[in-house]
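Just below is one structure, and these are the notes that go with it.
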Amino acid sequence: MQETRLDTARIRAARRVIDPVFLDTPLYRCEALEPGLGCTVSIKLETANPVRSFKARGTEVVASLLADKGSRAVVCASAGNLGQALAWSGRGRGLDVTVVASRFATRAKLDRIRALDAGLELVDGDHEMARERAAAIARHDGIRLVEDSLDIETCEGAATIGLELVDTAPSFDTVLIALGGGALATGVGHVVKTLAPEVEVICAQPLGAPAMTHSWRGRRVVTTDSTDTIADGVAGRHPIPAVLNDLLLVADDAVLVQEASIIAGMRMLLDHAGLVVEPSAALGIAAILEDRNRFAGRHVVTIVCGSNVDVPAYHRWVGAAPIPGS
């Protein structure tokens, strides 16, 4: 039987090196969402922190280990959120951080990476090309390459969200997790299945970026030639075998959702929860919208995992909302 790479004791230890500003994020029932979704809904809000996503939980662990070893430089490829998080964690520990990203990435994310004093190199392709370039830089310069989801620290940092879920919300029976590279899903899934095995772990991914979901369903790595989704944070094409193995042990299901449902989920989170979220963060709501009967009568927790949006694009997707008092 396949063994997981994740370790619950290490996950608990990770909480001791993660800056408290990223821990114990808000978890609350959002009754205003429930009439439109037909189930009890709780939100785990991973955007109320300096980098506006869950990614810093993992980069805090990575940067802490590198600093302890005396390392001074690190590079990663990112669609935006990982790079921003690594820049934040690295800056606080004196690390020289380089981020490689697609020049087509969300501008707000790229601007924030620059603002955090990281070096930023842009490539003329997608995230997979950025990964190749980051690996080349690491080889040439002899520095640490941080690979999201492959590096266990990124998964176990994200897994601390699971600890907070099972410690504070014992009444939920389903958790909906955005699925991209797999760090969030495998991390949270591992803790939930270890400490609350009766809870159903369901991953949600865009129909336009289905590689990991197809891989989970087929129990083997399935790649795609391209992606077509507004959810840039989960738009990978080449699943990592080790991450897929971990996911197979903890995910009860993986579903694909349409772009219209992602946009509707973003709009619901704005209208009924007062939350501006990026598309990846609305995947859980989108999954409920597409299968209300499945979730009827359940208590669902959805992890709102990021809010780094390009404002003009956001307005095009959900429509400009009036500012109170304006």
Check whether any side-chain N or O of [X] sits under 3.5 Å from a backbone N or O of [Y] as a donor-acceptor pair, and report yes or no.
| X | Y | value |
| --- | --- | --- |
| S102 | D126 | no |
| T106 | A108 | no |
| S64 | E60 | no |
| T194 | H190 | yes |
| D151 | T154 | no |
| R72 | G94 | yes |
| E147 | C76 | no |
| R217 | A254 | yes |
| S53 | K55 | yes |
| R292 | G36 | yes |

Mind checking whether [X] and [Y] sit in one hydrophobic cluster, side chains of I, L, V, M, F, W, Y counted as touching below 4.5 Å?
| X | Y | result |
| --- | --- | --- |
| L256 | V221 | no |
| V51 | L23 | yes |
| Y314 | V234 | yes |
| V123 | V97 | no |
| V146 | V61 | no |

Between [atom1] of [X] and [atom2] of [Y], what distance do you get to the nearest 0.5 Å?
| X | Y | atom1 | atom2 | result |
| --- | --- | --- | --- | --- |
| I43 | T302 | CD1 | OG1 | 7.5 Å |
| T174 | F295 | OG1 | CZ | 6.5 Å |
| D111 | D310 | CG | CG | 9.5 Å |
| R131 | L145 | CZ | CG | 9.5 Å |
| R5 | L150 | CZ | CG | 6.0 Å |
| S42 | H299 | OG | NE2 | 2.5 Å |

Would you mind reporting whether [Y] and [X] have side-chain heavy atoms less than 4.5 Å apart?
| X | Y | value |
| --- | --- | --- |
| V301 | L165 | yes |
| I288 | L176 | yes |
| V300 | F172 | no |
| L27 | L45 | no |
| I262 | V257 | yes |
| L66 | L95 | yes |
| P50 | V21 | yes |
| D232 | F104 | no |

Worksheet item: Is the shortest distance from a Lys or Arg side-chain nitrogen in R144 or E153 to a carboxylate oxygen in the other one below 4.0 Å?
Response: yes
Discussion item. Evaluate I161 against L184 for side-chain contact (heavy atoms from CB on, under 4.5 Å), listing each step before the verdict.
Written reply: CA-CA 9 Å; I161 298 169; L184 183 64; 3.7 Å; yes
Kindly give the heavy-atom pair with the smallest separation between [X] and [Y], and that separation in Å.
| X | Y | result |
| --- | --- | --- |
| A183 | A158 | O-CB, 3.9 Å |
| A118 | V99 | CB-CG2, 4.4 Å |
| A101 | S78 | CB-O, 3.3 Å |
| V250 | A185 | CG2-O, 4.1 Å |
| L283 | A178 | CD1-CB, 3.7 Å |
| I177 | G189 | CD1-N, 4.2 Å |

Practice prompt. May I have the step-by-step check of side-chain contact (heavy atoms from CB on, under 4.5 Å) for L289 and M268, ending in yes or no?
Written response: CA-CA 10 Å; L289 286 171; M268 288 191 73; 3.7 Å; yes
For residues 203-210, please give each side-chain donor-acceptor pair under 3.5 Å, one per line with the distance, not counting sequence neighbours.
unit_1: Q205; atom_1: OE1; unit_2: T213; atom_2: N; d: 2.9
unit_1: Q205; atom_1: OE1; unit_2: T213; atom_2: OG1; d: 2.7
unit_1: Q205; atom_1: NE2; unit_2: L179; atom_2: O; d: 3.2
unit_1: Q205; atom_1: NE2; unit_2: A209; atom_2: O; d: 3.2

Fill in: salt bridge (Lys or Arg N to Asp or Glu O under 4.0 Å) assessment of R10 paired with E156
CA-CA 7 Å; R10 284 201 309 262; E156 292 182 342; 2.6 Å; yes
Discussion item. Can you list everything that forms a side-chain contact (heavy atoms from CB on, under 4.5 Å) with T59? Sequence neighbours excluded, please.
Written reply: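 Counting only residues at least two positions away or on another chain, T59 forms a side-chain contact (heavy atoms from CB on, under 4.5 Å) with A56, L82, A85, L86, S89.
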Item to complete: For the pair M212 and V243, evaluate side-chain contact (heavy atoms from CB on, under 4.5 Å) and give the outcome as yes or no after the intermediate values.
Response: CA-CA 10 Å; M212 186 61 97; V243 183; 4.0 Å; yes
Kindly list each side-chain donor-acceptor pair under 3.5 angstrom involving residues 275-282, sequence neighbours excluded, with atom names and distances?
unit_1: E278; atom_1: OE1; unit_2: N81; atom_2: ND2; d: 3.2
unit_1: E278; atom_1: OE1; unit_2: S307; atom_2: N; d: 3.3
unit_1: E278; atom_1: OE1; unit_2: N308; atom_2: N; d: 2.8
unit_1: E278; atom_1: OE2; unit_2: N81; atom_2: ND2; d: 3.1
unit_1: E278; atom_1: OE2; unit_2: K109; atom_2: NZ; d: 3.1

Discussion item. For residues 21-40, which residue pairs pass the side chain to side chain donor-acceptor pair (under 3.5 Å) check, not counting sequence neighbours?
Written reply: R15-D24, T25-K44, T25-E46, T25-R57, R29-E34
Worksheet item: Is the number of heavy atoms from other residues, nucleotides or ligands within 6.0 Å of CD (Q258) greater than 12?
Response: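 Check fails, neighbour count at 12 or below.
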Discussion item. Taking CG in D291 as the centre, count heavy atoms belonging to other residues, nucleotides or ligands within less than 6.0 Å. Is the count above 12?
Written reply: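 Counting neighbours around CG of D291, more than 12 heavy atoms of other residues, nucleotides or ligands fall under 6.0 Å, so yes.
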Item to complete: Would you check, one step at a time, whether the test side-chain contact (heavy atoms from CB on, under 4.5 Å) holds for K193 with E198?
Response: CA-CA 7 Å; K193 283 303 182 184; E198 70 284 358; over 6 Å; no
All N/O donor-acceptor pairs, side-chain side in residues 132-143, below 3.5 Å, sequence neighbours left out:
unit_1: R133; atom_1: NE; unit_2: E121; atom_2: OE2; d: 2.5
unit_1: R133; atom_1: NH2; unit_2: E121; atom_2: OE2; d: 3.4

Discussion item. Does anything in residues 43-89 form a ring-ring contact (aromatic ring centres under 6.0 Å, His included)? List the pairs, not counting sequence neighbours.
Written reply: F22-W88
